[in-house]
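The basis for the numbers below is simple: all heavy atoms, side chains too, and nothing from hydrogens, waters or symmetry mates.
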Amino acid sequence: MSRAERRAERASRLSWHREHELPVGTVLPSVLAAGAGLVAMWPYTSVIEPGTWSFAVLIVIVVTALTGMTMRTAMRRRAAWARDLATIGVQILVAIGTVVLLVAGDTAVFGVIPTDATIFTFQALAASAWEEVMFGSAPIAASPGLEAMMGIGFAVVAILLDQLVAQRGAILASLLTAVVGSVPMIVTLGDVNVVWFVMLGILIIVLLRYTAAQNPESPRRTSTAVAAGVGVAALAVTVIVAPVLPVSASLAGTGVGVTVDASLRLGDDLRQPNPVEVLTMATTADTAPYLRLTTLSEFDGRVWEPDRGDLQSLSDGFGPDEWSEDIETTDQNTSIRVIRMSSSWLPVPYPATSVQGITAGWRVSTDNRTITSRTADAVGNDYTVRSIEVKPTLEQIRATPAAEPVVDPDAEPVELPAVIGETAAEVTADATNDYDRLIDLQSWFRSQFAYSLDTPVDEGFDGTGADAVAQFLEVRSGYCIHFAGAFALMAESLDMEVRIVVGYLPGVRTDNTRGDEAVYSVSSDQLHSWPEVFFPGIGWVPFEPTASLGVPTAFAAGSTTGGGSGGSTPTAPSAAPSAEQSSGPVIEREDAGDNAGANGELRRLDPTPVMLTTFGVLVALLLPALIRLAIRVSRRGRARSGDAASAWTELRATMQDLRLPLSDAETPRMRGVDLVRDNGVDADAMRALVDAVERSSYARPSSDRSGDLDEALEAVIVQLRRSVDRRTRVLAFILPLSLFASRRTDVPLVA
């Protein structure tokens with residue numbers, strides 16, 4: 001190529017391409033990184049109540065962004081490596097100082113420089129936060145421990161995002177934002193937050209657009225229609241696919257179907273239309289026992305908090321006996337296999353005394369004789385528990401007053417609605433001892449109330465707070481958490497120590513056996529809660545106030561067997577034969593007939609999620625083809641108006657898609673000759689395109705544009721497609737290389 005031709009080439013470079021890289025931004029990268037940090041933080045407000053932690057995270061994100069702006073502005077004339085190292089170093093120091101100031105400023109020098117006391121404080125806060133996360137229930141109340149850990153965590157996230165955006169790592173920044181933001185939904189198996197996914201999609205588009213704009217090979221002007229089309233398509237895929245992706249492992253044969261935490265928010269689980277088997281148990285006892293996960297003893301007026309007592313290794317046992325030697329007891333073994341229940345607690349009968357078949361990662365809570373772990377999951381465990389059936393006589397328990405409530409002197413007293421105490425006193429007015437008072441309460445609930453999953457939702461009291469209990473006593477309809485919560489508060493108003501148990505009903509006996517043991521199946525809709533009252537020398541005695549569910553507690557007189565420590569009925573609600581027995585709640589479901597059991601009709605598969613998921617996947621797979629189609633339509637529209645550059649660019653892109661050889665050494669005329677000779681394109685159509693390109697390159701700017709070039713372009717492209725095999729044509733449609741290959745500059749003279 002001659003010197004004159006090269007000068008002409010430089011003069012004819014299309015105006016929408018830059019010839020150099022844009023300078024490093026100083027403000028926009030930090031602004032985008034701060035926006036990404038806020039998008040990542042937002043889902044956490046659904047699992048942790050907003051408070052000091054959210055303020056701390058917001059401050060950390062903003063301070064990190066401002067630090068990045070300041071450092072890049074101050075060092076914009078320095079070498080890139082020096083500027084980047086200095087920026088990240090100062091951001092780390094500033095983030096540390098900010099978190100220390102917000103969380104433990106009184107232990108630091110000048111409020112920001114950590115000391116030994118600061119480190120010790122953060123260690124204690126970290127341990128506290130871990131306990132709250134592992135043993136708390138969403139939404140967890142804001143606390144200093146969570147403030148410290150969330151501040152540190154998002155300081156790291158904010159710095160990484162700031163550096164990634166500044167280094168034009170849009171994909172990594174988008175991935176980090178998506179992973180961090182999706183953790184709350186993954187951990188809690190909550191509903192898909194469609195609004196957050198839309199925000200994430202918009203953020204990803206903005207990040208990719210910013211990164212692409214910094215590339216010297218990218219165009220200055222882009223098609224607004226194409227950009228909008230890509231954005232809408234991406235968001236449509238997100239909105240359509242994300243909500244309908246199958247997240248329940250019940251679709252698989254042995255996946256986790258139920259996640260249980262230490263809360264009384266059981267309504268959603270019980271209202272699931274298709275219960276699944278969560279565990280099986282085989283026992284030597286005459287009847288299957290209730291299985292407990294954990295207990296809740298502290299009530300703050302709004303919710304019952306799970307017990308967080310000391311933990312010890314399995315080898316150290318379950319603690320001292322709570323019953324005296326004159327109380328009759330019977331040993332029993334229960335083998336449990338957890339199939340579809342994810343929990344940090346193992347279901348066990350009460351009171352457990354030993355367990356075999358689980359790893360050392362599980363620990364014993366001696367306060368309630370439960371088994372928990374901070375690292376392991378209950379699903380998949382197969383173990384055997386040895387437990388005791390405590391059987392006091394009716395005379396023994398009537399002669400034993402219930403223990404008085406343990407009052408924390410530092411806790412604020414909870415003021416209960418007057419109706420709770422007044423109703424408890426009225427119902428138990430004729431009883432002369434604590435046990436009979438509790439039996440009167442149990443009988444009153446079971447005879448005067450109705451079981452319903454829908455009433456609490458319809459009436460707006462689906463909770464365990466004091467006001468919800470008062471409304472439940474008025475409406476007299478609810479499910480287990482309302483019966484247990486009301487019973488517990490009424491027993492406490494009678495000066496008795498009480499707690500609530502979260503666990504499972506005994507299940508349904510199957511035809512299978514395990515040696516001499518009967519096998520019981522427990523399903524997800526048998527998740528349950530019940531109250532317990534402590535009797536010194538006897539232990540925690542459970543009661544079953546829930547109407548139409550389980551077996552009410554009752555003890556037989558010692559004289560029935562002729563001795564002081566003779567026969568009795570079961571000391572705990574159980575599945576023993578009884579006129580009132582029910583192994584599970586009677587769920588109010590429209591589809592109960594279709595899903596009543598294994599012997600019923602097969603469940604019908606709702607095709608809507610499958611169809612929507614399939615459609616979304618197809619859209620995602622065809623997204624490159626759709627984008628390429630939009631670009632082709634745009635270029636051919638300009639070619640129709642005589643734009644030779646657009647016509648030639650589309651011809652070159654088609655050759656890339658069809659995997660045809662390209663050479664930057666060829667002029668348009670040379671390329672035209674090759675295509676006519678090797679690919680059999682129409683010579684007249686090719687000549688029309690070449691003449692238009694040369695006229696556009698060499699003619700004076702005032703010259704008229706060529707006529708309609710779309711017809712000639714179409715003729716050439718059709719013949720190019722015919723010159724390759726079908727596989728290549730299909731591949732060119734599904735995965736067009738022109739979208740991904742480096743375009744440099746689409747110069748007419750050097751195509």
Side-chain angles (χ1 to χ4, degrees), residues 135-138 260-270 289-309 322 343-345 347-351 365 367-370 372 402-408 411 414 416 420 424 434 437-438 441-442 445-446 449 451 456 461-470 472-473 478-505 526-535 539-547 549-550 552-553 571-573 585:
F135 298 101
S137 56
V260 180
D261 60 15
S263 72
L264 292 184
R265 296 173 177 85
L266 309 183
D268 292 339
D269 292 316
L270 293 174
Y290 278 49
L291 299 178
R292 68 184 52 220
L293 294 169
T294 189
T295 59
L296 306 92
S297 300
E298 299 180 10
F299 182 69
D300 62 4
R302 187 177 59 88
V303 295
W304 287 84
E305 296 291 342
D307 296 331
R308 300 189 181 94
E322 297 160 347
S343 173
S344 57
W345 284 269
V348 294
Y350 179 83
S365 173
D367 290 345
N368 54 16
R369 291 179 177 266
T370 59
T372 184
E404 295 183 358
V406 178
V407 180
D408 184 357
V414 177
L416 300 177
I420 296 177
D434 286 345
R437 293 186 182 94
L438 295 171
L441 280 179
Q442 177 179 262
F445 277 113
R446 295 184 67 88
F449 286 67
Y451 185 94
F461 64 91
D462 194 10
T464 56
D467 294 336
V469 168
F472 168 67
L473 294 177
Y479 53 94
C480 58
I481 66 169
H482 307 99
F483 285 93
F487 187 101
L489 292 182
M490 294 174 76
E492 197 170 66
S493 72
L494 298 174
D495 293 329
M496 302 182 193
E497 185 178 357
V498 65
R499 68 186 183 189
I500 295 177
V501 185
V502 176
Y504 281 97
L505 289 162
Q526 291 172 318
L527 192 62
H528 190 46
S529 63
W530 62 92
E532 290 182 330
V533 178
F534 187 70
F535 286 80
W540 289 95
V541 177
F543 293 85
E544 183 57 277
T546 304
L549 194 62
T553 296
T571 64

| field | Sidechain-backbone polar pair: Thr372 side chain, Trp345 backbone, donor-acceptor under 3.5 Å | value |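 Answer holds: no.
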
| said: Between Ser365 and Thr370 (side chain of the first, backbone of the second, donor and acceptor by atom type, cut-off under 3.5 Å), is there such a pair? | reply: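 Checked: no pair found.
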
Any chance you could measure [X], atom [atom1], to [Y], atom [atom2], to the nearest 0.5 Å?
| X | Y | atom1 | atom2 | answer |
| --- | --- | --- | --- | --- |
| Leu291 | Gln526 | CG | CD | 10.5 Å |
| His482 | Leu473 | NE2 | CG | 11.0 Å |
| Trp304 | Ile481 | CH2 | CD1 | 13.0 Å |
| Phe472 | Tyr479 | CZ | OH | 11.0 Å |
| Asn368 | Leu293 | CG | CG | 10.5 Å |
| Gln442 | Thr546 | CD | OG1 | 9.5 Å |

| query | Who are the side-chain hydrogen bond (donor to acceptor under 3.5 Å, both in side chains) partners of Arg292, not counting sequence neighbours? | reply |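 Listed in chain order: Glu532.
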
What are the two closest heavy atoms between [X] and [Y], and how far apart are they?
| X | Y | value |
| --- | --- | --- |
| Pro542 | Thr553 | O-OG1, 2.7 Å |
| Cys480 | Leu527 | SG-O, 4.4 Å |
| Ser529 | Ile500 | CB-CG2, 4.2 Å |
| Glu322 | Asp367 | OE2-O, 4.4 Å |
| Phe535 | Asp434 | CE2-CB, 4.5 Å |
| Leu489 | Ala466 | CD1-CA, 4.5 Å |

Tell me, please, which residues at least two apart from [X] pass side-chain contact (heavy atoms from CB on, under 4.5 Å).
| X | answer |
| --- | --- |
| Ala547 | Phe483 |
| Ser297 | Asp307, Arg499 |
| Glu497 | Ala403, Val406, Phe534, Trp540 |

| request: Test Met490 against every option in Leu416, Val498, Val469, Ile420 by the side chain to side chain contact (heavy atoms under 4.5 Å, CB included) rule and name the one that passes. | output: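 Among Leu416, Val498, Val469, Ile420, the one meeting side chain to side chain contact (heavy atoms under 4.5 Å, CB included) with Met490 is Ile420.
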
| request: Would you please name every residue forming a ring-ring contact (aromatic ring centres under 6.0 Å, His included) with Phe487, sequence neighbours left out? | output: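 Partners of Phe487 under the ring-ring contact (aromatic ring centres under 6.0 Å, His included) test: Phe543.
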
| said: Any heavy-atom pair between the side chains of Leu494 and Leu441 that's under 4.5 Å? | reply: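 SC-SC contact between Leu441 and Leu494 confirmed.
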
| field | side-chain hydrogen bond (donor to acceptor under 3.5 Å, both in side chains) contacts touching residues 484-496 (sequence neighbours left out) | value |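 Counting only pairs at least two positions apart or across chains, no side-chain hydrogen bond (donor to acceptor under 3.5 Å, both in side chains) contact touches residues 484-496.
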
